[in-house]
Amino acid sequence: MRPFLLLLAACTAHLAAEDWRVATLAPSKADGAPVVLGLGDATRLDAPMGMAVLGDGSVVVVDTGLQSLVRISGGGRAQLLAGGMGATGAVDGTGAAARFLWPQFVAQAPDGTLVVSDSGNHTIRRVTLAGVVTTIAGSPGQYGSADGQGAAARFRNPAGVAVDAAGTIYVVDRVNMTIRRIGSDGQVTTLAGLAGSHGTSDGVGSAARFMVPYGMALAGSSLFITDAESGTIRRIDTTTATVSTYAGMAGWKGWADGDFASARFKYPQAIAADPAGNLFVGDTGSSTLRRIDRSGAGSVATIAGNGSIGNADGLGAAARLFSPLGLAIGGDRQLYIADTYNYRLCKAAPAGAPLFLWIDGDAGGTTGGSALVHGANLAGLTAATLGGQPAALSGVSATSARVACPAHAAGLVDLTLAAGAVTTTQSGAYRYLEMTVLDPAPAKMASSLGGTTLTFAGSRLDEVTAAVLGGSAATITGQTAASLVLIAPAHAAGSADLALATPLGTVTATGAVLYLAPPQLDPVASRLASTLGGTALEFTGNGLTAATAARVGGATAAITASTASRLTVVAPAHAAGNADLELDWSLGTVLAAGAVLYRTAPAVSATAAATIDIAGGAELRFAGSDLDRVTAARLGGTAATIIATTATSLALRAPAHAAGSVDLELDWMLGTVLVAGVAVYRDPAAPEVVVTTTVIVDPAGGTLTLAGSNLDRVTAARVGGTAATIISQTATSLVLRAPPHAAGSVDLALDWGGSTVVVPGAVVYGTPPAPTPVLLPAAPAVGAMGGGGGGGGGCGLGGVGLLLGLAFMLARRVPGR
């Protein structure tokens, strides 16, 4: 009975050991995507399992419930690395586009990438630190046990993973109860165990047997496996594939500390190795943390928990856990714990060591500042360093302390907390950031009315959260790391400072903006302008010399005069009614609504020109529109008397005027309207030729007979510019001998009493039409003329016809004879 009693005692004993303090890092039960850890109840996890601590101090957590990988910075901030936050699948992709199905464990490869056991998909996946997910071995949904290249290999619910310095991946093929190896070439082989055969036998390669292996840790050339069902820790020499039982006794599950042979475990699953090769085990059946000291003869000790399920922070046996299924070792023996069924993430450290959890404000400017450190066992802090420089402490309590951050170059730095001789270092706890910087440049110009778009150059401008210009908020409309675009608020003319709010504080650029006053118009009644355009409009105000262009009613208006207080523009044509005045200047446009009132000008309907005696006195009547606006009228530049006017009619008394065609000018309040050629003045005493048909003259010259009135007053005549001879003249007729002239139409000019009357195109030089032949009746033959018989008779007829034709031609050659 004695061996049985000894064994029973070993199964129930809890030997004294170094206690570790456990504290919660992330609270329980997920309800959404991770955000900032440790601040209230904001960040949630749902069934965290495998973890890997990276070189920069951050930790990657495989959250099986969320079907995702979450990365937590050394300072305690969490972000999604890859996965669908609850959505399942087998999708390679980046970040939230990737899909997993019950992922469990993770390990980091020498190249920095992560290897994940995607248990539900029966595959091994690779994840970069940028969140890019690919499948490196196995085929989604295809389970079994087959060695082979990449996708040709088969797994069944793989669990623990580890990667050695050469990049070789080791996998616990849980349901197949084997240990698999994936070479750098992607070839999958079986290292130990026999698929489908379970047991507890030690041996080499396939001679060994496992009873539901689960977690895996690599220390040197040794793989340590938690053989959960057998309650043991198994060791595999990777160089020889030799499997041995390292701690615990197969088939004797329990909770007992002691040497390797007498120690007992109850469904151990999580396992991790520290840099010295010591092992930490999550003993899920007893909900305790166990430490295997490999120095000397070796021993197993419980460092947290008391064998009962619970959820409590505390030191050693005072702590309570519920199935810790994931472990990872951080800097200075800080242990990350996935307290899976409490849905929380914890950290643990030896009893006398300060335990770091997170920092409020885990980033700051290179000029320094302060940060609040959260943790446990902090009451005894005596010193701190940040980035290797002393950091003054204040407000120290058991759970928090404020650290003064010294100035430091940009980058990620470590935080060391010292409690006497005991120190704890958290890698990558704090990030120094360059402050936002504005490039030095001449001041930007802005309108004092506001609304000017300003673009600033610099660095880290994408971190600006708000901008204040001259004490008033400026609207941010665009920003990149190198540029910031603002809409300036209204401000008095003069220099203004720009203040930019950033996560690291406020950056101020003194005199960054120079406000300029725009042109300003005095408030006055609308100026009147003609719809025909051309009205000169004068405006008063301040700073009017700044105006570079003007528009009235949207159409360009010429600026004809400009001083600081007066501006004259010429209104363009526009429809009747109110129109806005726009003044452009270097920083925008000034609008004066309804500054111009357009009115319709008088208009005369088109009519035939009236004939007026040069003595004047004739009454002229015109029809049109807005004629009641006429204030004065002129015919041929001489004032005409307005007899009567209405909106649609105008009666004038014509003034005396020289002979010829004249225009009508109508003055109104906004200018003058010109109506061309409304009347023709005539002198009753002047010679006048009445042309009924064009007179045709032979180019060799000829006689012209003209009809008209007062023709007896003609003293000289010219046809086509050449003097013509007056043959005869009376009051009503004039006969001229036209000079020779080239063919074509010419004017007739008649001189009289010091004046000349010109009849345009009165004469056409050209060949007259040929006469129509006349056939005379045959005459009796005249023998004396014939010169004998029938022949003589024929000659006589011909002779008579020839004489008659010659006479006719001579008559045509001498017109008027």
For Ser58, is there any backbone N or O sitting under 3.5 Å from a side-chain donor or acceptor partner on Ser73? no

Residues in side chain to side chain donor-acceptor pair (under 3.5 Å) contact with Arg621, at least two apart in sequence or another chain: Glu619

On a heavy-atom basis, which atom in Ala557 and which in Pro572 lie closest, and how many Å separate them? CB-CD, 3.9 Å

Closest non-hydrogen atom pair between Gly720 and His741, with its separation: O-NE2, 3.5 Å

Which distance, rounded to the nearest 0.5 Å, do you find between the CG of Asp462 and the CZ of Arg460? 7.5 Å

Go through the side-chain N and O atoms of Arg402 and Ser394 and say whether any donor and acceptor fall under 3.5 Å apart. no

For Gln520, what residues pass the side-chain contact (heavy atoms from CB on, under 4.5 Å) criterion, not counting sequence neighbours? Asn542

Search all heavy atoms of Pro687 against all heavy atoms of Val757 and return the closest pair with its distance. O-CG2, 3.5 Å

Partner residues of Thr756 under the side chain to side chain donor-acceptor pair (under 3.5 Å) criterion, sequence neighbours left out: Asp751

Within residues 549-563 or reaching into it, pairs that qualify as side-chain hydrogen bond (donor to acceptor under 3.5 Å, both in side chains) - sequence neighbours excluded: Arg551-Glu582, Arg551-Asp584

CG of Leu500 to OG1 of Thr436: how many Å apart, nearest 0.5 Å? 7.0 Å

Tell me, please, which residues at least two apart from Val91 pass side-chain contact (heavy atoms from CB on, under 4.5 Å). Arg99

Sequence neighbours excluded, every pair satisfying side-chain hydrogen bond (donor to acceptor under 3.5 Å, both in side chains) that has a member inside residues 485-507: none

CG of Asn710 to CH2 of Trp752, rounded to nearest 0.5 Å, is 7.5 Å

Heavy atoms of other groups near Arg682 CZ, more than 12 under 6.0 Å: yes

One should read off an interatomic distance between Leu583 CG and Thr548 OG1, to the nearest 0.5 angstrom, of 9.0 Å

